[in-house]
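Have a look at the structure below before the remarks.
Chain naming here is simple, since letters A, B, ... match the order of the sequence lines and numbering starts at 1 in each. Keep in mind that this is a model prediction, so the values were computed, not measured.
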Protein chains: 2
Amino acid sequence: MHSLHDVSCITGTLDGVTDTRWLDEDEQRAWRAYLRMQAQLTARLGRQLQADAGLSLADYEVLVQLTDAADGRLRPFELQRCLQWEQSRLSHHLARMQRRGLVERQECPEDARGAFVAITEAGRAAIETAAPGHVATVRRLFLDHLGRDQLRTLEQLADQVTAGIDADG
Amino acid sequence: MHSLHDVSCITGTLDGVTDTRWLDEDEQRAWRAYLRMQAQLTARLGRQLQADAGLSLADYEVLVQLTDAADGRLRPFELQRCLQWEQSRLSHHLARMQRRGLVERQECPEDARGAFVAITEAGRAAIETAAPGHVATVRRLFLDHLGRDQLRTLEQLADQVTAGIDADG
DNA sequence: AGGGAATGCATGACGTGTCATGTAGGTTGT
DNA sequence: ACAACCTACATGACACGTCATGCATTCCCT
């Protein structure tokens, strides 16, 4: 009943052999439960958004940030920092969103290297259409199944892990 | 300071207008914290696996299932059920893994429609190389930052949500 | 037995994400 | 002023995921 992952493996003392501390039963169950939930949740939320509003989750996140911005526009590098995306991912994605008319580029006088990315009217319309259904789905698939205490634990847990990852380099 | 998402929106009674219950402060923070963590975690784990073993997270999951199987082989539809993947995703992915020599196809006498997918020696070697580093990374980025109580809460929470999603259709 | 429905799987098109690399424009030190 | 460096961003190649569709084979019902 044991795979690579649920046995504690104590090897000998051969040179170069690093002993691996595998996951114990509790860790294994929790980690796999998390993986299952996250995969299912992401898939469902993505499908719902795509079907009901023609947006991907990535589109949605970008549009949320632009909507929250003062002028409905941001420098790509600002967007990158708050989304925590790879630079090239953002670049490609903005190009696609521009092609679809969800965002537009604007000149940036104070730094000729870059530009502004601004949400368009179509972009605003898209996210305003998408938001109610998306929030409802987040509730139905996720929040509705959690108690307030679980919600707090989750937030704290997530913040700890995120902080650890950031600190890790 | 408010976007589409953190205000409670009570509209009038126009026909067809559905009132949306937006996320309150706690829900908003928890949900966003979760999204951040999950994005960062997935990205880091994927990069580590790719860099150290030339495998994607998807490859890894497939190989784990095949390793756990009795004969090191499964029918694609069994793999699909336990991974909870889209059928076409699995089909495409197995084709790529086959091209790379990580798995192979075997005839299935008792059902001529399908076949078996079996892990190859190269596949076994790949996951055995990958596993220690991957488990270590899961520890370092995730488990090490959690207490036993948080771990239990997470598992329970994830199971609740997953059950809810399954029940949702 | 035989015809319709369901099952197991593949494929093409297309959007998405990553890595490696390129380039124009800024900044800094001497 | 100019070289070295850094910053902001784009791009090509390629792996990955989804949807729609196609196609055998098997199942089930009469």
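Between the P atom of C:dT11 and the NE2 atom of B:His93 lies a distance of 16 Å, rounded to the nearest Å. Regarding B:Glu61, its CD atom lies at a distance of 16 Å from the C1' atom of D:dA15, rounded to whole Å. Rounded to a whole Å, the CD atom of B:Gln48 is 16 Å from the C1' atom of C:dT18. Atom CG in A:Leu90 sits roughly 13 Å away from atom C1' in C:dT16 (whole-Å rounding). Separating the CZ atom of A:Arg81 from the P atom of D:dA8 is a distance of 6 Å, rounded to the nearest angstrom. Rounded to a whole Å, the CD atom of A:Gln80 is 12 Å from the P atom of C:dT18. One interatomic measurement links the two molecules: CG of B:Leu94 to P of C:dG8, which rounds to 15 Å at whole-angstrom precision. Nucleotide D:dA15 holds its C1' atom 9 Å from the CD atom of B:Gln50, rounded to whole Å.
OP1 and OP2 of D:dA15 both lie 4.0 Å or more from every side-chain N or O belonging to B:Arg99. Between B:Ser88 and the phosphate of C:dC9, there is no side-chain N or O to OP1/OP2 separation shorter than 4.0 Å. An OP1 or OP2 oxygen of D:dC19 is reached within less than 4.0 angstrom by a side-chain nitrogen or oxygen of A:Arg47.
Looking at B:Arg44 and A:Asp168, a side-chain N of the basic residue comes within less than 4.0 Å of a carboxylate O on the acidic one, giving a salt bridge. Using a cut-off of 4.0 Å between Lys/Arg side-chain N and Asp/Glu carboxylate O, B:Arg36 and A:Asp159 are scored as not salt-bridged.
With distances taken from any side-chain atom of B:Phe77 to the nucleotides C:dG8, C:dG26, D:dC19, the minimum falls on C:dG8. Comparing atom distances between the A:Arg113 side chain and each of C:dA24, D:dC9, C:dT11 picks out C:dA24 as nearest. Candidate nucleotides C:dC9, D:dC19, D:dC16 were compared by shortest atom distance to the side chain of B:Arg105, and C:dC9 ranks first. Closest to the A:Ser91 side chain, of the nucleotides D:dT11, C:dT18, D:dC16, is D:dT11. Distance from the side chain of A:Gln87 is smallest to D:dA10 among D:dC19, D:dA10, C:dC19. Here the nucleotide nearest the side chain of B:Arg100, chosen from D:dT26, D:dC16, C:dT18, is D:dC16.
In this model, a side-chain donor or acceptor of B:His92 finds a partner on the base of C:dG12 within 3.5 Å.
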Stepwise salt bridge (Lys or Arg N to Asp or Glu O under 4.0 Å) test for B:Glu86 and A:Arg47:
CA-CA 12 Å; B:Glu86 295 259 325; A:Arg47 264 188 261 287; 2.7 Å; yes

Using the side-chain hydrogen bond (donor to acceptor under 3.5 Å, both in side chains) rule, take B:Gln106 and B:Glu104 through it: C-alpha gap first, then chi angles, then the decisive distance, then the call.
CA-CA 7 Å; B:Gln106 291 173 0; B:Glu104 63 180 7; 3.2 Å; yes

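Using a 4.0 Å heavy-atom cutoff across all strands shown, A:Ala115 reaches sugar-phosphate atoms only and no base atom. Using a 4.0 Å heavy-atom distance criterion, B:Arg96 is classed as a base contact.
Between B:Ala43 and B:Asp111, it is B:Asp111 whose nearest contact on DNA chain C lies nearer the 5' terminus.
Ring geometry for A:Phe142 versus B:Trp31: interplanar angle of 30 to 60°, hence tilted.
Note that NE2 of B:His92 and CG of B:Leu90 are 10.5 Å apart. Values are rounded to the nearest 0.5 Å.
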